[in-house]
Amino acid sequence: MSENKEEALFQAKVDAEQKIEPKDWMPDAYRKTLVRQISQHAHSEIVGMLPEGNWITRAPSLRRKTILLAKVQDEAGHGLYLYSAAETLGTGRDEMVDQLLSGKAKYSSIFNYPTLTWADIGAVGWLVDGAAIMNQVMLCRTSYGPYARAMVRICKEESFHQRQGYDILVTLCKGTPEQKAMAQDALDRWWWPSLMMFGPSDKDSPHSAQSMKWKIKRQSNDELRQTFIDRTVSQAEFLGLKIPDDKLKWNEETQHYDWGEIDWAEFFDVIKGNGPCNKERLTARQKAHADGAWVREAAMAHAEKKMKQKAA
Amino acid sequence: MSNEKDWPLWEIFIQSKRGLDHKHVGSLHAADAQMAVENARDVYTRRNEGNSIWAVLAEHIHASKPEDQEAFFDPADDKVYRHPTFYPMPEGVKYI
């Protein structure tokens, strides 16, 4: 069959809302886009464990500590679901890990910001996981079967993450003036980076149109960002916290909030590697991988020895 | 890094409740079968999703090919007589 005919059949399947499965014919660019997107998403889950892991030993109570441990363990699991989905496209796990460790692959910029106080753990759950959920719910309906199935699994677990974050902030906001100030400070620092998580504005997002045509994504960056803002404002009001945006105002006509301007220079600067924690995050992952090398080798040697004994 | 030997890939199947089928949930890397089952427990059953786990080396799974779709599955299309609804039952006949 000719390439054009294959491509037409592929697009017809996508248009008919049939999932694409690993062995199906697919355009090279579709495969490449997916491997890049899914592995970046997996890397984000793994690197995302670092800012939160920072607070496991310092969580204010045993209850908070067990919850945070469970959440960080979930992030590891989410990384694995996603690596597993990406591998069905023919790229090996080792290759993806190498790309992360060499700095070639990207991960979500948000994890290059530091978690300075306990309130940051609340803000990360509420805002960062909240923003991630918007994107992930959309991806449950993505056109590539294994990716969609991984996202369904992730979404089932993710709303616990957002709620535990909000719960931390509810507690702080009902506490002393100092605790409430700590919550406000966390919101001040995490609000704009959370909005950046949705990616560049539609007009500056060159691949968006193709991804929409392939139904990899189904809503634009700006649409998702607006929905997130519309949903989050009342949650901040309940906490008695002020969102750090003077232009934020309900617009009766559009039935959406109007809001200010994202500092895109900061966004691209952090992506380029100049965020507050880029180096620290990458170094931590490289160290973990290097320190674990002997364990991986020993486990393999042990497995091979057992196989030989069994065969003998 | 790259001269390191990769752990093999295992496909994981979970039975969510006694009496139900084992269902494919995803894959993971592990050095041996025991580690595959233990890791599957941690990766795929953190919220009571499972009652039993199968781990199968991915290379041992043989799959049909999408290009054989028609030759494989179309012959079933014109065999409606394999379905009970093909046979109209006379009025008044019961328990069949």
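These numbers come from the heavy atoms of this one structure, side chains and all, not from hydrogens, waters or symmetry mates. The sequence lines fix the lettering, A, B, ..., with proteins before strands; numbering per chain opens at 1.
No side-chain donor-acceptor contact under 3.5 Å links Ser84(A) to the backbone of Leu28(B).
By the 6.0 Å contact criterion, CD on Glu17(A) is enclosed, its count of non-hydrogen atoms from other residues, nucleotides or ligands being greater than 12. Shown here is His24(B), whose NE2 atom has more than 12 heavy atoms of other residues, nucleotides or ligands within 6.0 Å. Environment of NZ in Lys79(B): crowded, with over 12 heavy atoms of neighbouring residues, nucleotides or ligands closer than 6.0 Å. Heavy-atom contacts from other residues, nucleotides or ligands closer than 6.0 Å to CZ of Arg141(A) number 12 or fewer. A 6.0 Å sphere centred on CG of Asp77(B) holds more than 12 heavy atoms belonging to other residues, nucleotides or ligands. Annotation for Glu3(A): atom CD does not count as buried by contact number, only 12 or fewer foreign heavy atoms lying within 6.0 Å. Shown here is Asp21(B), whose CG atom has no more than 12 heavy atoms of other residues, nucleotides or ligands within 6.0 Å. More than 12 heavy atoms of other residues, nucleotides or ligands lie within 6.0 Å of CG in Asp74(B), so this atom counts as buried by the packing criterion.
Contact count versus chain B (heavy atoms, under 4.5 Å) is highest, among Gly77(A), Pro146(A), Ala299(A), Gly92(A), for Ala299(A). Chain B forms the most heavy-atom pairs under 4.5 Å with one residue out of Asp74(A), Asp24(A), Thr88(A), and that residue is Asp74(A). Chain A forms more heavy-atom pairs under 4.5 Å with one residue of Ala30(B), Ser27(B), Pro8(B) than with any other, namely Ser27(B). Chain B forms more heavy-atom pairs under 4.5 Å with one residue of His78(A), Glu87(A), Arg149(A) than with any other, namely Glu87(A).
Inspection of non-hydrogen atoms places Ala63(B), Ser64(B), Pro66(B) of residues 55-67 of chain B under 4.5 Å from chain A.
Heavy atoms closer than 4.5 Å to chain A are found nowhere in Gln69(B), neither backbone nor side chain. Of the atoms belonging to Glu21(A), not a single heavy atom falls under 4.5 Å from chain B.
Here CZ of Arg153(A) is found 6.5 Å from OH of Tyr44(B). Values are rounded to the nearest 0.5 Å. To the nearest 0.5 Å, atoms CD1 (Ile12(B)) and CG (Leu80(A)) are separated by 11.0 Å.
Looking only at side-chain heavy atoms (C-beta outward), Val43(B) and Tyr81(A) come within less than 4.5 Å of each other. Residues Arg47(B) and Lys156(A) are not in side-chain contact: their nearest non-hydrogen atoms beyond the backbone lie 4.5 Å or more apart. Using a 4.5 Å cut-off on side-chain heavy atoms (C-beta onward), Tyr83(A) and His29(B) make no contact.
Ala31(B) approaches Ala303(A) most closely through the heavy-atom pair O-CB, 3.3 Å. The two residues Met300(A) and Asp6(B) come nearest to each other via the heavy atoms SD-O, 4.4 Å.
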Test Lys306(A) against Asp32(B) for salt bridge (charged side-chain N to carboxylate O under 4.0 Å, His left out), laying out the working first.
CA-CA 9 Å; Lys306(A) 270 198 310 189; Asp32(B) 58 24; 3.2 Å; yes
